[in-house]
Amino acid sequence: MENKLQIYNTISRKKEVFEPINPPFTGMYVCGPTVYGDAHLGHARPAITFDLIFRYLQHIGYKVRYVRNITDVGHLENDADEGEDKIAKKARLEQLEPMEVVQYFTDRYHANMDQLNVKMPSIEPKASGHIIEQIEMIKKILEKGFAYLSNGSVYFDVKKYNDNYQYGKLSGRVLDDLLSNTRILDGQDEKQNSFDFALWKKAQPEHIMRWPSPWSDGFPGWHAECSAMSAKYLGEHFDIHGGGMDLLFPHHESEIAQSQIANGNEPCKYWLHNNMITINGQKMGKSLGNFITLDEFFSGSHASLEKAYSPMTIRFFILQAHYRSTLDFSNEALQAAEKGLKRLMQGVETLQKLNSSATSSNDISKLSGNCYDAMNDDFNSPIVIANLFEGLRIINGVNDGKESITASDLEILKNLYNTFVFEILGLKNEVENTQFELVDGLMQMILNQRQLAKTNKDYAASDKIRDELIKLGIVVKDGKEGSSWSIE
RNA sequence: GGUAUCGUGGCCGAGUGGCUAGGCACCGGUCUGCAAAACCGGCUACAGCGGUUCGAAUCCGCUCGAUACCUCCA
């Protein structure tokens, strides 16, 4: 099998061997959330996808600088009144300062990401903190003649750009098609062509979030922040740019155009896009109003949810699908993920207690190789998980005395599971460790009492203990060598 | 309408020319005072129709269906 990491590059539409520009250093920029509402399941997908990529790149030895932005300015409400900043609108409704809203939802986003065991990026820049950089970039584009001023706003001249470069090379679009298919919107009359996009937008009087610029008091266009901030922290040409597939056009396409003009080259070498999470076959998204927030998943407080699902269940659910496939949400699918994860975690625990013998009845290194091959093949986490389940058969077999394993193979196996389950997939055991010993001690006492009752054939008493425990959410399992327990 | 992606067993999902993942559910079995859990085993699908090939879920064509984007909708 291929030993090198291959990643699917959206711009070439094929898998390519990953070769960083300046190894072992690797720069990765991912479009982060717009903090004007609670994070929903759709937000979890890119976060977990690029967390997986971040973790794996580090694991195989790259020194990664991972930049994920916070968008806190500049986006318009599509159903809103006139050209109003999303953040500003929410702020007025709730009588809060815009930055207070930003802070509130940023904190909540961080809390959710922490629950999902998503590592913090190396740098998390905010658009509002980089207005100067964005203005400087716009100046450069104006100087080079690829933008024009119109009524205090600055627009990128897509037609001129397309005469010299290729607008649409990332998304596969042809400018002529765009021309004939663009809808009529207000504000369009400021533009020379409907497909031109704003670099700087003059603020309306009611617009609270505004900054001074050479052209007007206003705010930067949607695409400006990512170009400006990625260039600042990763350089004008870096390795990986990621984000959701819905950002392909026009966002990323426009980033390419801006960077090409401002910096003289395309921003990055590899474009990675995660697919959407669907609900009843449809994209889960803010604008469709069919989203379920992460907090609702964790608490089960949503009409579509049959029960609460833990953060690790959500994480495992997402990792069980390849990041470039759509993933369909359903209670059944989540419950399947929940049970599968539990089985996997119990297998990991069993693994720690295994005894070795003189021979191995299984090829452990092959299993290990399979896992790395899967990750090297465009981060194929579902295949990794399938192999880990395959390994479970070995683990349980050894535990049952039906299979054998040598001490060195056992070490490899333990190492493999620790590496992949916890380090790379980023899963964690959700049982609270600090309290575990105490609870376990208490449980042993209780189980001993129950065993005593059973020995005396006082089954009424032993069943009562079991039933009481079930009410507390603790399941007793009677095995060959005594009873054990687990939290449901 | 344009661009792109996709259609896999009851459900979720891998897989790109032969070796026919994995999970959940289901059915058997082991264990057990009973139950549950756990473990073991079983379950052979690839939208339809043509074509290429010794051989196709995998390549090509057509048909049907779905989704995303085409708006500063992140």
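Owing to the predicted nature of the structure, the values given are computational and were not obtained by experimental measurement. Letters go in sequence order (proteins before strands), and every chain restarts at 1.
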[X] vs [N]: side-chain N/O to OP1/OP2 distance below 4.0 Å:
| X | N | answer |
| --- | --- | --- |
| A:Lys283 | B:C69 | yes |
| A:Asn380 | B:G15 | yes |
| A:Arg393 | B:G23 | yes |
| A:Thr278 | B:A68 | no |

Quick test: give all pairs of protein nitrogen or oxygen and nucleotides 7-12 of chain B nitrogen or oxygen below 3.5 Å, distance rounded to 0.1 Å.
| unit_1 | atom_1 | unit_2 | atom_2 | d |
| --- | --- | --- | --- | --- |
| B:C11 | O2' | A:Glu332 | OE1 | 3.4 |

Counting Watson-Crick and G-U wobble pairs with both distances under 3.5 Å, what is the dot-bracket string for RNA chain B, 5' to 3', using [ ] for crossing pairs and | for pairs to another strand?
(((((((..(((.....[...))).(((((.......)))))....(((((..]....))))))))))))....

Output all residues satisfying ring pair (Phe, Tyr, Trp, His ring centres under 6.0 Å) with A:Tyr323, sequence neighbours left out; order by chain, then residue number.
none

Name the nucleic acid region contacted by A:Arg466, choosing base, sugar-phosphate or nothing; use a 4.0 angstrom heavy-atom cut-off, strictly under.
base

Counting any heavy atom closer than 4.0 Å, what does A:Tyr459 reach on the DNA or RNA strands: base, sugar-phosphate only, or nothing?
base

Between A:Lys15 and A:Asp378, is a salt bridge (charged side-chain N to carboxylate O under 4.0 Å, His left out) present by the stated rule, with each step listed?
CA-CA 7 Å; A:Lys15 288 178 193 168; A:Asp378 196 29; 5.6 Å; no

Say whether [X] and [Y], considering side chains only, have a donor N or O and an acceptor N or O under 3.5 Å apart.
| X | Y | result |
| --- | --- | --- |
| A:Asn448 | A:Gln444 | no |
| A:Ser357 | A:Asn355 | no |
| A:Asn193 | A:Tyr155 | no |
| A:Tyr233 | A:His130 | yes |

Using the test side chain to side chain contact (heavy atoms under 4.5 Å, CB included), find all partners of A:Lys339 that sit at least two apart in sequence or belong to another chain.
none

Taking A:Lys464 first and then A:Glu468, would you say they form a salt bridge - that is, a charged N and a carboxylate O separated by under 4.0 Å?
yes

According to salt bridge (Lys or Arg N to Asp or Glu O under 4.0 Å), does anything in residues 386-403 of chain A pair up with another residue at least two apart or in another chain? List the pairs.
A:Glu390-A:Arg393

What are the atom names and distances for every N/O pair under 3.5 Å that joins the protein to nucleotides 36-38 of chain B?
| unit_1 | atom_1 | unit_2 | atom_2 | d |
| --- | --- | --- | --- | --- |
| B:A36 | N1 | A:Asp478 | N | 3.3 |

